[in-house]
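For reference, the structure is listed below as structure tokens.
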Amino acid sequence: VEMEKQVVDGLREVFQSGRSRPLQYRKQQLGALHRLITEHQEDIEQALKQDLNRNTYNTSLFELISIENDIKLAESEMADWAAPRPVKKNLNSALDDVYIKPEPLGVVLIIGTWNYPWAMILQPLVGAIAAGNAAVLKPSELSEHSARLMKELLPLYLDKEMYQVVTGGVPETQELLRQRFDHIFYTGSSAVGKLVMEAAARHLTPVTLELGGKSPCYVDKNCDIAVACRRITWGKFANCGQTCIAPDYILCEPSIQDRIVEEIQKTLLEFYQTDPKSSPDYCRIINTRHFDRVLALMNECTIALGGESDRSQCYIAPTVLKDVLPHFKIMQEEIFGPLLPIVTVNGLSEAIQFINAREKPLALYVFSSDKTVIKRMLAETSSGGVTVNDVLMHYTVDTLPFGGVGNSGMGRYHGKHTFDQLSHHRACLIKSFAMEGLNDARYPPLTAARLRKAKFFMQHRLCSCSGICVWAVIANLLAIGLLVALIVVLNVNILV
Amino acid sequence: MSREQKAVDRARKAFLTGRSKSLEYRITQLKNLLRFVRERQNEIAEGLKKDLGRSEGGTPLYETLGLESEINLAVKYLKEWAAPRPVSKSMMTISDQVYIQPEPLGVVLVIGAWNYPWAVTIGPLIGAIAAGNAAVIKPSEVSSHTSKVMEDLLPLYLDKELYPVVTGGVTETQELLKQRFDHIFYTGNGTVAKIIMEAAAKHLTPTTLELGGKSPCYIDNNCDLAIACRRIAWGKYSNCGQTCIAPDYILCDPSMQDRVIEEIKKNIKDFYTEDPKKCMDYGRIINQRHFKRLMALLEGSTIAVGGENDESECYIGPTVLRDVKPDAKVMQEEIFGPLLPILTVSSADEAIKFINQREKPLALYIFTSDNKLIKRMIAETSSGGVVANDCLMHFSVSSLPFGGVGNSGMGHYHGKYGFDNLSHLRGCLIKQLKMEGVNKMRYPPHTADKLGWARFFILKHVDFGSLGRMVLLALMAVFVAVILQGYFTD
């Protein structure tokens with residue numbers, strides 16, 4: 001029997017024993033995960049330095065803080081999230097218990113990727129644990145030091161019978177995908193996303209696909225270009241451009257192109273000094289294959305800034321390309337590297353047209369002080385998410401669902417959304433044996449009178465009587481009543 | 001270009017004109033759909049009678065009333081559903097606009113089934129229209145008369161470019177599945193569902209699959225058996241058992257079996273008279289193929305009630321099978337017919353074990369007066385939905401998400417869920433270009449100090465709800481203090 005089958009079968013058996021059902025158990029596991037990343041922060045930083053030349057602050061900022069945030073949120077909100085959720089009743093169900101009960105799905109497969117190897121696996125894992133599932137983690141083999149460390153550390157902290165790490169390359173992943181899971185959570189490319197979904201189809205397994213695309217960044221001439229470029233530069237060159245929601249390319253009017261290049265140049269100097277290669281904050285391309293791929297994208301382009309490279313280090317300097325044309329190679333695929341093409345357009349309408357002629361991206365960015373520009377851009381395009389007047393930041397708002405649409409993916413997560421995504425929302429209707437008379441309307445023989453009765457009951461809704469809401473209303477009424485009484489009493493005394 | 005390709009192309013072009021974006025437009029289409037359902041009751045009923053032997057009363061009760069209710073709901077709440085949904089903010093986003101914006105997906109494919117052809121084809125369509133999508137409607141060819149009614153009459157009420165009806169069989173469906181959609185909504189069986197999801201994967205198209213399974217029905221010793229059996233008989237034999245959430249089989253204690261059989265027999269007579277074949281309210285099996293399939297399932301089991309059949313009419317009488325074994329033919333697939341097997345189990349524990357050894361069903365039914373047992377059964381099993389002490393009814397509660405889990409499906413709909421399921425819920429963060437100083441902590445060169453600030457701002461959660469309440473309390477205290485002061489200084 002293949003190793004992968006053994007792993008999944010074993011996890012399923014333990015899951016079915018009900019071990020992960022108590023919230024206490026899940027909280028315990030989350031606490032352990034928290035300790036893992038705090039106690040081994042240095043080891044994680046070291047692994048990332050070897051994988052991507054990430055420095056310590058970058059690691060915390062881009063990975064560990066998000067994971068920590070999700071863990072803390074899940075720990076404090078889990079009871080709320082996992083509790084039955086009452087819903088609005090209709091006349092028919094007025095006397096019944098009607099609610100949605102979130103339940104674990106079973107065994108979840110989480111396939112990570114190499115650009116943020118810890119966040120891309122552990123953030124979904126937090127939701128999987130909180131929702132009561134078992135999980136198989138498959139870290140990307142491209143970020144091999146992180147993968148190795150994850151495989152080593154996880155069993156030291158988490159219940160290894162519920163959560164296992166499986167490392168390996170394409171053959172191991174393919175073998176995993178032959179097994180039956182209750183949900184597959186995949187982060188990576190659209191091409192592989194299709195294969196994952198195809199494999200999932202064989203078992204009717206639902207999927208969450210966090211993919212990518214070319215996230216456009218429209219800079220309106222009516223905006224604070226200096227600040228805009230500062231933020232864009234940060235978002236583009238962090239992690240050497242290897243971010244799924246990095247601003248892929250800029251769209252702007254020709255009149256401001258030079259100014260944009262100027263401002264980016266200024267910012268690059270501030271961030272990475274004169275020689276980004278020796279800056280501790282500037283990362284490297286993950287491997288030579290991607291290095292070659294990214295470098296080749298520069299071929300037809302006019303370099304406005306940067307362009308230097310060093311294959312022995314997988315180093316590509318922060319590069320800006322101007323007057324890029326839509327048919328250039330660099331505009332045919334997601335760049336995922338430190339090349340920032342500027343494509344000029346004659347205004348907002350052309351920018352919108354340009355964006356809509358392409359696949360729906362994972363993120364959309366628009367910089368403008370003009371509310372009508374923002375409104376139009378948002379209303380006339382589609383994308384996984386949007387940040388206006390900044391980049392990347394919608395990722396950090398855990399109340400916003402993070403995910404793609406169309407080619408950029410399906411499903412979403414972060415915060416409570418991960419919990420919901422990896423749960424089954426079971427509709428529950430608890431009736432009693434009473435009031436059987438009401439049911440007569442539905443039983444044969446179906447006479448006109450019975451039909452009228454049925455119609456009446458089916459077409460009226462009642463308000464939702466959530467317990468908390470009722471108490472809040474009562475408490476407020478009492479408070480106001482007391483206040484009024486106090487005023488009345490005092491005024492009466494004054495009068496007397 | 002094939003006929004199917006043309007229809008999808010036209011729908012996409014119509015969608016790209018943007019006319020389904022406006023809420024007024026969607027509401028007009030929904031209201032037209034409502035008029036259709038109301039004005040064409042006769043044609044709808046006729047089609048259903050020819051397809052399934054559905055009685056006159058059966059049409060509104062099982063199909064059109066539900067649709068009317070859903071359309072009215074969508075029209076009433078569309079503005080609310082489609083509006084931006086603000087979410088709670090953190091310290092970092094205190095001065096920003098943070099909300100979720102529902103958006104149409106594009107062109108949705110709705111593949112219907114034949115058992116409640118209107119409910120399961122038009123039901124999803126309501127959500128598709130409300131969410132602002134175009135929709136290609138592919139009714140099931142098995143309910144051919146209904147399919148023709150849809151093809152002929154829907155275009156007289158709905159925008160025929162945005163919502164084309166494409167009829168046909170396997171070949172036409174396969175051709176449709178080659179096209180690119182923004183969502184595929186399929187109701188039917190697991191085998192075909194796998195093919196559909198595989199086809200969808202080629203375009204990275206999300207799917208909603210409303211499938212089936214064997215929905216177990218557990219009858220506890222401690223319950224009002226007469227009422228339980230009445231409700232079960234209704235749920236089982238409606239539409240001749242051809243309901244995705246029909247109670248597929250009964251689990252009960254051996255000591256209860258005889259009484260259960262007796263009660264169900266009584267109710268069959270109540271509902272369908274001594275001769276169900278002549279009763280208007282008793283339906284027919286959809287076609288010969290399914291008739292033969294069902295007759296074959298009887299093999300090896302003991303008939304306690306019914307068993308009469310007539311192939312020429314696709315008639316199978318309401319049937320109960322007793323002492324059925326787990327390996328019997330009738331227990332190997334979803335019955336989808338008027339055969340009700342009873343399997344005996346010696347306890348709730350055994351019932352739970354039995355249920356968990358099998359695929360997660362679309363529905364689970366529990367009949368008991370013991371609330372603790374209900375809770376336990378729900379906690380220790382899984383299913384698309386659950387109803388305690390009745391059958392089918394969760395389908396009509398529009399505030400409950402209707403859908404399966406595992407082999408019984410993925411995704412859900414009804415009410416607002418229908419809208420959300422066929423929308424893209426886009427996360428939006430609207431910042432301003434000022435307060436750039438705050439961003440310093442995230443820019444290189446990175447320092448420990450900067451990181452400290454970043455941690456503080458990201459990890460600190462402020463509950464504005466409780467903050468507001470504290471402020472209100474403080475104001476009230478101040479107010480009271482002012483009054484008291486006035487009182488004491490007088």
Side-chain angles (χ1 to χ4, degrees), chain A residues 57-58 60-61 65 69 87-88 90 93 98 103 190 193-194 197-198 201-202 204 206 223-224 227-228 234 271-272 281 369 382 385-390 393-394 396-397 399-402 405 407 410 424-433 436 443-446 451 454-455 458-459 490 494, chain B residues 55 57-58 60-61 65 69 87-88 93 98 103 190 193-194 197-198 201-202 204 206 224 227 234 271-272 281 374 378 382 385-390 393-394 396-397 399-402 405 407 410 424-433 436 443-446 451 454-455 458-459 483 487 490:
Chain A
Y57 306 116
N58 259 327
S60 258
L61 196 62
I65 294 184
N69 185 45
V87 298
K88 286 191 193 175
N90 57 20
S93 47
V98 194
E103 297 186 332
S190 303
K194 291 179 183 174
M197 189 172 170
E198 235 180 82
R202 291 191 198 101
L204 288 173
C223 88
D224 186 337
V227 174
W234 169 71
F271 288 176
Y272 306 114
D281 296 315
S369 321
S382 189
V386 185
T387 297
V388 172
N389 291 329
D390 206 340
M393 293 307 283
H394 62 292
T396 65
V397 183
T399 42
L400 283 179
F402 182 79
V405 65
N407 257 32
M410 59 181 79
H424 169 51
H425 296 253
R426 194 177 191 187
C428 301
L429 174 59
I430 317 294
K431 296 180 90 77
S432 71
F433 289 103
E436 179 62 0
Y443 295 136
L446 291 171
L451 220 59
K455 222 178 168 161
M458 280 189 69
Q459 295 188 322
L490 293 175
I494 293 169
Chain B
S55 71
L61 188 64
L65 269 183
S69 173
V87 296
S88 35
T93 47
V98 197
E103 299 181 340
K194 289 179 183 175
M197 191 172 167
E198 229 172 304
K202 298 202 170 66
L204 286 172
D224 185 333
I227 294 181
W234 169 72
F271 294 166
Y272 307 116
D281 290 318
I374 295 175
I378 295 181
S382 189
V386 188
V387 183
N389 299 324
D390 207 342
M393 293 307 284
H394 60 304
S396 64
V397 182
S399 48
L400 281 177
F402 183 79
V405 64
N407 261 29
M410 60 180 78
H424 170 51
L425 300 174
R426 192 186 196 184
C428 301
L429 173 61
I430 320 293
K431 295 181 87 77
Q432 300 178 54
L433 287 162
E436 180 60 1
Y443 295 142
H446 293 301
L451 190 64
R455 279 187 64 98
I458 296 178
L459 291 176
I483 294 177
Y487 173 65
D490 272 348

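Worth knowing before you read on, the calculation uses all heavy atoms, side chains too, and leaves out hydrogens, waters and symmetry mates. Proteins come first, then strands; the chains are lettered A, B, ... in the order of their sequence lines, and each starts at number 1. Computed from a predicted model, the values in this text were never measured in an experiment.
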Problem - 4.5 Å side-chain heavy-atom contact, A/Lys194 and B/Leu204 - result: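 When only atoms from C-beta onward are counted, B/Leu204 and A/Lys194 do touch, with a gap below 4.5 Å.
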Exercise for the section: May I ask you to test the B/Val387-A/Ile430 pair for a side-chain heavy-atom distance under 4.5 Å? Expected result: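 In short, these two side chains do not touch, never coming nearer than 4.5 Å.
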Rounded at 0.5 Å granularity, tell me how far [atom1] in [X] sits from [atom2] in [Y].
X: A/Leu400; Y: B/Thr93; atom1: CG; atom2: OG1; answer: 8.5 Å
X: A/Asp281; Y: B/Tyr443; atom1: CG; atom2: OH; answer: 14.0 Å
X: A/Met197; Y: B/Met197; atom1: CE; atom2: CE; answer: 4.5 Å

Exercise for the section: Would you check if the side chain of B/Asn389 reaches a backbone N or O of A/Lys431 as a donor-acceptor pair within less than 3.5 Å? Expected result: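 Present.
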Problem - Side chain A/Thr399, main chain B/Ser88, donor-acceptor under 3.5 Å - result: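 Side chain of A/Thr399 to backbone of B/Ser88: a pair is present.
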Among the options [options], pick out the one with the most heavy-atom pairs lying under 4.5 Å from chain B.
options: A/Ala228, A/Ser432, A/Ser369; result: A/Ser432
options: A/His424, A/His425, A/Met410, A/Glu198; result: A/His424
options: A/Thr387, A/Leu204, A/Asp224; result: A/Leu204
options: A/Val397, A/Asn407, A/Thr396; result: A/Asn407

State, to 0.1 Å, how close [X] and [Y] come at their nearest heavy-atom pair, and which atoms those are.
X: B/His394; Y: A/Leu429; result: N-CD2, 3.5 Å
X: A/Phe433; Y: B/Ile227; result: O-CD1, 3.2 Å
X: B/Ser382; Y: A/Arg426; result: C-NH2, 3.6 Å
X: A/Val227; Y: B/Leu433; result: CG1-O, 3.4 Å
X: A/Asn389; Y: B/Lys431; result: ND2-O, 3.0 Å
X: B/Pro401; Y: A/Ala427; result: O-CB, 3.4 Å

So which part of [X] gets closer than 4.5 Å to some heavy atom of chain A, the side chain, the backbone, both or neither?
X: B/Glu103; result: side chain
X: B/Ile374; result: side chain
X: B/Tyr272; result: side chain
X: B/Ser55; result: side chain

Exercise for the section: Please work out which of the three classes, parallel, tilted or perpendicular, describes the rings of B/His446 and A/Tyr57, given edges at 30° and 60°. Expected result: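 Aromatic pair A/Tyr57/B/His446 classed tilted.
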Practice task
Give, as side chain, backbone, both or neither, the part of A/Tyr272 having an atom under 4.5 angstrom from any heavy atom of chain B.
Solution key: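 For A/Tyr272, the side chain is the part near chain B, not the backbone.
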Practice task
Report the C-alpha distance between A/Val386 and B/Leu429 in whole Å, list the side-chain angles of each, state the deciding distance to 0.1 Å, and finish with yes or no for side-chain contact (heavy atoms from CB on, under 4.5 Å).
Solution key: CA-CA 6 Å; A/Val386 185; B/Leu429 173 61; over 6 Å; no
Practice task
Look at B/Glu198, B/His424, B/Met410 and state which one has the largest set of heavy-atom pairs under 4.5 Å with chain A.
Solution key: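 Winner by heavy-atom pair count: B/His424.
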